[in-house]
Amino acid sequence: QVQLVESGGGLVQAGGSLRLSCAASGRTFSTFSHYVMGWFRQGPGKEREFVGAISWNGRQYYSDPVKGRFTISRDNAKKTVYLQMISLKPEDTAVYYCARGPVWGSGRHVGTHEYDEWGQGTQVTVSS
């Protein structure tokens, strides 16, 4: 059984920063380092959208709205992926989800259908 647990969400003022974490566990996640790990978000009344992803070799890919402000990193020894967010805007308000993508993927995986395991999400609220 695979489990992804996000943490680090909260309320922050516009211009502020947050760092989200996603800890992975489970027997089938023993090769965590081989997987693409992605972040998605879903704002109120909106579809779930791609935020960014990191490949097995550290290559990162971001959506245009967050490029230059968000950074994804991973610690394979801890089976944890991070989403560092700076210069936050009210439009970044959403539930943020981490997800497991394909093995040996490039990181350029933007569709929800490309991810097979999801966390429960963590709320990020940015006040103006």
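Numbers here are sequence positions counted from 1.
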Trainee: Which heavy atom of Thr112 sits nearest to which heavy atom of Trp118, and what is that distance?
Mentor: O-CZ2, 3.6 Å
Trainee: Group every Ile, Leu, Val, Met, Phe, Trp and Tyr by side-chain heavy-atom contacts under 4.5 Å, then state whether Val103 and Val2 land in the same group.
Mentor: yes
Trainee: Could you tell me whether the side chain of Gln60 and the main chain of Ile54 form a donor-acceptor pair under 3.5 Å?
Mentor: no
Trainee: Is Lys89 paired with Asp92 through a side-chain N to carboxylate O contact shorter than 4.0 Å?
Mentor: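 Here Asp92 does not pair with Lys89 in a salt bridge, since their nearest N and O are not under 4.0 Å apart.
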Trainee: Any donor-acceptor pair under 3.5 Å linking the side chain of Arg100 with the backbone of Gln3?
Mentor: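 Judged by distance alone, no pair lies under 3.5 Å.
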Trainee: For residues Ile72 and Val81, determine if any side-chain heavy atom of one lies less than 4.5 Å from a side-chain heavy atom of the other.
Mentor: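 Yes, at least one pair of side-chain atoms sits under 4.5 Å.
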Trainee: So, taking the atom named OG in Ser7 and the one named OH in Tyr82, what distance separates them when rounded to the nearest 0.5 Å?
Mentor: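 Interatomic distance, Ser7 OG to Tyr82 OH, rounded to 0.5 Å: 9.0 Å.
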Trainee: Between Phe40 and Phe50, is the ring centre distance below 6.0 Å?
Mentor: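 Yes: the rings meet the under 6.0 Å criterion.
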Trainee: Run the side chain to side chain contact (heavy atoms under 4.5 Å, CB included) test on Val110 and Tyr61 for me, step by step, so that the C-alpha distance in whole Å, both residues' side-chain angles and the decisive distance to 0.1 Å come before the verdict.
Mentor: CA-CA 9 Å; Val110 302; Tyr61 184 71; 3.5 Å; yes
Trainee: What I want to check is whether the side chains of Gln123 and Thr125 have a donor and an acceptor closer together than 3.5 Å.
Mentor: yes
Trainee: Are Cys22 and Trp39 close enough that some pair of their side-chain heavy atoms sits under 4.5 Å apart?
Mentor: yes
Trainee: Between Gly9 and Leu20, which heavy-atom pair has the shortest distance, and what is it?
Mentor: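 That closest heavy-atom pairing would be N-CD2, 3.5 Å.
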Trainee: How would you list, by chain and number, every residue that makes a ring pair (Phe, Tyr, Trp, His ring centres under 6.0 Å) with Tyr62, sequence neighbours excluded?
Mentor: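 Ring pair (Phe, Tyr, Trp, His ring centres under 6.0 Å) check on Tyr62 returns nothing, list empty.
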Trainee: For Gln42, is there any backbone N or O sitting under 3.5 Å from a side-chain donor or acceptor partner on Glu47?
Mentor: no
Trainee: Decide if atom NZ of Lys78 counts as having more than 12 heavy atoms of other residues, nucleotides or ligands within a radius under 6.0 Å.
Mentor: no
Trainee: Is the shortest side-chain heavy-atom distance between Leu88 and Leu18 below 4.5 Å?
Mentor: yes
Trainee: Checking Ser55 against Ser106 for the side chain to side chain contact (heavy atoms under 4.5 Å, CB included) test, could you report, in this order, the C-alpha distance in whole Å, the side-chain angles of both residues, the deciding distance, and whether it holds?
Mentor: CA-CA 5 Å; Ser55 70; Ser106 66; 5.7 Å; no
Trainee: Any donor-acceptor pair under 3.5 Å linking the side chain of Ser17 with the backbone of Ile86?
Mentor: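 Absent.
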Trainee: Under a 4.5 Å cut-off applied to non-hydrogen side-chain atoms, are Tyr35 and Lys79 in contact?
Mentor: no
Trainee: Are any of the side-chain heavy atoms of Phe70 and Gln84 separated by less than 4.5 Å?
Mentor: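 Side-chain contact under 4.5 Å: no.
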Trainee: Compare all side-chain heavy atoms of Trp56 with those of Val36 and state whether any distance is below 4.5 angstrom.
Mentor: no
Trainee: Met85 and Val124: which non-hydrogen atoms are nearest, and at how many Å?
Mentor: CE-CG2, 3.9 Å
Trainee: Is there a side-chain contact between Met37 and Tyr115 (heavy atoms, below 4.5 Å)?
Mentor: no
Trainee: SG/Cys98 to CD/Glu6 distance, rounded to the nearest 0.5 angstrom?
Mentor: 4.0 Å
Trainee: With heavy-atom distances below 4.5 Å as the criterion, would you say the side chains of Arg41 and Val66 are in contact?
Mentor: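 Yes. Closest side-chain heavy atoms under 4.5 Å.
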Trainee: Under 3.5 Å, is there a donor-acceptor pair between the side chain of Arg74 and the main chain of Phe32?
Mentor: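 Yes, because the side chain of Arg74 sits within donor-acceptor range (under 3.5 Å) of the backbone of Phe32.
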